[in-house]
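Naming: A, B, ... by sequence-line order, numbering from 1 per chain.
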Protein chains: 2
Amino acid sequence: MSEHQTEQDGARTQLTEYLARNGMKQTRQREAILESFLGVSGHITSENLYEYVRAQYPDIGAATVYRALKLFCDAGLAHALHFQDGVTLYEHEGHHHDHLICVGCGEIVEFECDDIEDFQLRIARDHGYRLTKHRHHLYGYCAKCQSSGTDRK
Amino acid sequence: MSEHQTEQDGARTQLTEYLARNGMKQTRQREAILESFLGVSGHITSENLYEYVRAQYPDIGAATVYRALKLFCDAGLAHALHFQDGVTLYEHEGHHHDHLICVGCGEIVEFECDDIEDFQLRIARDHGYRLTKHRHHLYGYCAKCQSSGTDRK
DNA sequence: TTGATATTGATAATCGTTCTCAACTAGCGT
DNA sequence: ACGCTAGTTGAGAACGATTATCAATATCAA
């Protein structure tokens with residue numbers, strides 16, 4: 001819990017600094033939305049976060065949540081992920097993993113693979129690119145969906 | 001040219017078979033849209049393809065193009081790619097590569113890396129998944145955008 | 001405290017895409 | 001060739017997610 005607390009504090013500080021650095025203001029809304037966002041463990045859509053926020057702060061508008069989420073991305077606190085079906089999910093930054101997605105039940109497993117990251121760098125270098133980020137999504141059927149035998153393609 | 005011809009013919013046959021197999025009909029529109037789609041070399045958006053189609057067949061509606069593109073995906077002739085910024089591009093199936101995207105100028109370079117594919121399979125297996133496809137996008141600055149020094153992040 | 005300026009919330013607007021539905025047409029059986 | 005039936009089409013309405021507009025409001029440095 002205390003560890004979690006420091007992570008949240010770190011994020012808050014990071015936002016405060018970003019706002020100061022860019023002549024922006026620290027508002028109740030931004031604090032509240034950040035709070036809600038940090039309370040989410042995995043991935044969340046803009047809309048879900050809005051519901052989430054609204055549960056505690058009913059007077060915060062949807063536009064403000066969208067704006068805040070974009071702000072968090074700019075400030076390096078969040079990441080937007082665009083999945084196969086066009087759905088956009090946000091996750092905490094620093095929480096970077098790649099994703100294994102079940103097309104049967106929608107489960108999302110996160111993974112890391114340093115070897116792959118090495119190959120990515122090599123490929124980028126070969127093409128003269130300087131990488132800033134990547135998206136690596138594997139789609140398939142999880143063990144459960146394979147055995148339940150439904151939606152076989 | 002003759003090689004290209006056979007590739008197109010292969011795609012046509014594939015569509016015809018898919019339609020027959022699913023009790024669907026071979027229409028002028030679908031043929032025309034497939035023709036236009038095959039005429040595109042790289043990636044294209046639904047809207048661009050619609051413009052493209054309309055140039056030759058002004059009486060084909062947008063909805064029909066959207067429907068056809070989805071059909072081509074189902075028939076295994078096309079692939080939808082969802083990029084970072086939410087843009088959806090379509091490419092020919094059988095033309096599967098991964099992508100290196102310049103966030104400066106938007107250039108898209110395609111690459112293949114068997115080693116990475118091997119790691120993907122291993123990761124999937126470790127998690128009990130059976131892979132059906134993957135999306136692997138690397139974002140960065142191409143050599144040109146790095147040297148022109150603009151939009152440095 | 002005040003004032004300049006960033007931010008907010010409600011809502012209109014926008015974008016890309018899908019739905020609705022009456023008119024149309026492919027393609028089977030005859 | 002004909003007619004029938006079910007799939008398909010085009011126009012435009014509807015849609016869902018997101019962004020822009022704008023007057024009211026809040027932040028924060030002086």
If I take atom CD1 in residue B:Ile33 and atom C1' in nucleotide D:dT8, what distance separates them, rounded to the nearest angstrom? 11 Å
Reading nucleotides 3-10 of chain C 5' to 3', which nucleotides get B (base under 4.0 Å from a protein heavy atom), which S (sugar-phosphate only), which -? --BSSBB-
Starting from P on D:dA17, measure out to CG on A:Leu69 and report it in whole angstrom. 14 Å
Nearest-angstrom distance from the residue atom CG of B:Leu71 to P of D:dT9: 9 Å
Find the bend of the helix from C:dT1-D:dA30 to C:dT30-D:dA1 as the angle between its two terminal axes (five pairs each), to the nearest 10°. 30°
For B:Tyr90, the ring-ring contact (aromatic ring centres under 6.0 Å, His included) test, sequence neighbours excluded, returns none
OP1 or OP2 of C:dT18 sitting under 4.0 Å from any side-chain N/O of B:Lys70? yes
For residues 30-39 of chain B, run the donor-acceptor check on the side chains, cut-off 3.5 Å, and write out each pair with its distance to 0.1 Å, sequence neighbours left out.
from, atom 1, to, atom 2, distance (Å)
B:Arg30, NH1, B:Lys25, O, 2.7
B:Glu31, OE2, B:Gln26, NE2, 3.3
B:Glu35, OE1, B:Arg12, NH1, 2.9
B:Glu35, OE2, B:Arg12, NH1, 2.6
B:Ser36, OG, B:Ala32, O, 3.3

Short side-chain N/O contact from A:Tyr66 to OP1 or OP2 of D:dT19, under 4.0 Å: no
Answer with base, sugar-phosphate or nothing: what part of the nucleic acid does A:Thr45 contact at a heavy-atom distance below 4.0 Å? nothing
Please give, in whole Å, the distance from C:dG27 P to B:Asn22 CG? 14 Å
Please report, rounded to the nearest Å, how far the C1' atom of D:dG16 is from the CG atom of A:Asn48. 14 Å
Please report the distance, rounded to the nearest Å, between CD in A:Glu51 and P in D:dG16. 14 Å
Donor-acceptor pair, A:His137 side chain versus B:His137 backbone, under 3.5 Å? no
With no hydrogens and no angle check, do the side chains of B:Asp98 and A:His136 hold a donor and an acceptor under 3.5 Å apart? no
Only counting residues at least two apart or in another chain, list the ones meeting side-chain contact (heavy atoms from CB on, under 4.5 Å) with A:Ile108. A:His43, A:Phe83, A:Leu89, A:His99, A:Ile101
Check side-chain hydrogen bond (donor to acceptor under 3.5 Å, both in side chains) between A:Asp126 and all other residues, then give those that pass, not counting sequence neighbours. none
Who are the salt bridge (charged side-chain N to carboxylate O under 4.0 Å, His left out) partners of B:Glu117, not counting sequence neighbours? none
Please give, in whole Å, the distance from C:dG16 C1' to B:Phe83 CZ? 17 Å
Under 4.0 angstrom between A:Thr88 side-chain N/O and D:dA17 OP1 or OP2: no
Under 3.5 Å, side-chain donor or acceptor atoms of residues 44-54 of chain B against the rest of the protein: list the pairs with distances, not counting sequence neighbours.
from, atom 1, to, atom 2, distance (Å)
B:Thr45, OG1, B:Asn48, N, 3.0
B:Thr45, OG1, B:Asn48, OD1, 3.2

Suppose we screen for side-chain contact (heavy atoms from CB on, under 4.5 Å). Which residues come up paired with B:Asp114, at least two apart in sequence or across chains? none
